[in-house]
Amino acid sequence: MATPFIFFILLEIVSLSIGVFSYEPAPMQDFCVADPTNLAAVRVNGMACKNPTFVQADDFFYSGLHISGDTRNNYGYRVTPVTVYQIPGLNTLGLSMMRIDYALWGANPPHTHPRATEILTVLEGTLQVGFITSDPQNRLITKVLQRGDVFVFPVGLVHFQRNMGHSNASAIAALSSQNPGVISITNSIFGSNPPLSTELLVHTFHVDNQTVNLLKRKSSSIQE
Ligand SMILES: *[C@@H]1O[C@H](CO)[C@@H](O)[C@H](O)[C@H]1NC(C)=O
Ligand SMILES: *[C@@H]1O[C@H](CO)[C@@H](O)[C@H](O)[C@H]1NC(C)=O
């Protein structure tokens, strides 16, 4: 007789822990449109809510993702983000979007999103994409994508995209956070402020002083 009861208790514990560990729990209201002007208000894993009476269609709206981003920079790519900062209505909903444009041979260099899994589809062109699994395997999982192909980058893993075609390329990605964040590997290692010590980086990469200082200089001079 006791078995179903214990099973029920276990099920409760499991569902409670899922609730505790999910980053952006299910909303307990229709929406909580972000009100960035209300700096005094209490925030719970997001921004303060606008009074629902004053919410408009434009709070859930963004226009312009058909326009290609300017890729004339050192990396040859441009991200056009559509996060809670562009659409306040995304607040607490655990979702965002972006458009990425790539010049010929342009690349979105290795980076991670600390708070989001990403699903990307190619609109135009040919992209090599990939991510690297965690230590100790560090396995590179990579594929060449054509128009209409879809690829997933699991949350937190280092990933990249590179234009492999003979024309500009573009993609649309959806991310499982209203504010996915980005950690660019080169910027964080060689471009931190204040900088990591050259001795530490010499020790980390087993290269000489000059090489580390060169990478530091390049990282601070590269502009996106
Ligand atoms: C490719 O992108 C560059 C930079 O954004 C742009 O100047 C150029 O016109 C684009 N080429 C084509 C064929 O669309
Ligand atoms: C490395 O370069 C710094 C200056 O950037 C210098 O002070 C230090 O002596 C150098 N160390 C070695 C081992 O060459």
Side-chain angles (χ1 to χ4, degrees), residues 34 36 57-90 93 95-132 140-193 214-224:
D58 278 353
D59 289 321
F60 301 92
F61 173 78
Y62 175 89
S63 179
L65 269 204
H66 61 296
I67 299 165
S68 49
D70 186 353
T71 58
R72 288 169 302 172
N73 53 56
N74 292 71
Y75 289 114
Y77 86 109
R78 172 72 59 188
V79 170
T80 308
V82 187
T83 69
V84 69
Y85 295 104
Q86 287 75 35
I87 302 186
L90 279 174
L93 296 183
L95 192 70
S96 58
M97 191 180 241
M98 61 187 169
R99 175 186 172 120
I100 315 167
D101 287 279
Y102 312 83
L104 260 182
W105 303 108
N108 185 355
H111 64 280
T112 107
H113 303 290
R115 295 178 286 277
T117 290
E118 173 175 347
I119 183 165
L120 173 143
T121 185
V122 179
L123 295 181
E124 237 24 275
T126 304
L127 293 179
Q128 185 204 4
V129 299
F131 64 82
I132 298 149
L140 171 64
I141 304 213
T142 183
K143 196 162 174 69
V144 174
L145 306 183
Q146 310 292 345
R147 184 177 182 211
D149 291 351
V150 178
F151 199 80
V152 172
F153 306 106
V155 58
L157 298 188
V158 173
H159 61 279
F160 65 90
Q161 302 102 34
R162 184 156 71 115
N163 186 354
M164 299 287 284
H166 302 287
S167 62
N168 290 345
S170 58
I172 294 277
L175 295 105
S176 60
S177 168
Q178 66 184 36
N179 184 21
V182 58
I183 299 172
S184 147
I185 304 305
T186 48
N187 290 352
S188 56
I189 301 294
F190 295 104
S192 73
N193 182 21
L214 176 68
L215 287 168
K216 280 183 168 179
R217 280 199 305 278
K218 280 196 180 295
S219 182
S220 56
S221 65
I222 283 179
Q223 299 188 345
E224 288 179 33

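Every number for a ligand or one of its atoms is a count from 1 in the order of the listing.
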Please find out if less than 6.0 Å separates the ring center of F153 from that of H159. yes
Write out the residue and atom name of the closest protein heavy atom to atom 5 (O) of ligand 1, then the distance separating them to 0.1 Å. T71 OG1, 3.1 Å
Best match, N168, L104, N73: closest heavy atom to atom 10 (C) of ligand 1: N168
Protein heavy-atom contact under 4.0 Å for [atom]?
atom: atom 7 (O) of ligand 1; value: no
atom: atom 13 (C) of ligand 1; value: no
atom: atom 2 (O) of ligand 1; value: yes

Side chains of Q128 and T142: do they bring a donor and an acceptor to under 3.5 Å? yes
Tell me yes or no: between the side chains of S170 and E124, is some donor less than 3.5 Å from an acceptor? no
Should we count OH of Y85 as having more than 12 external heavy atoms under 6.0 Å? no
So among T186, V182, I183, which one has a side chain to side chain contact (heavy atoms under 4.5 Å, CB included) with H111? V182
Under 3.5 Å, N or O to N or O, is R72 touching ligand 1 that way? no
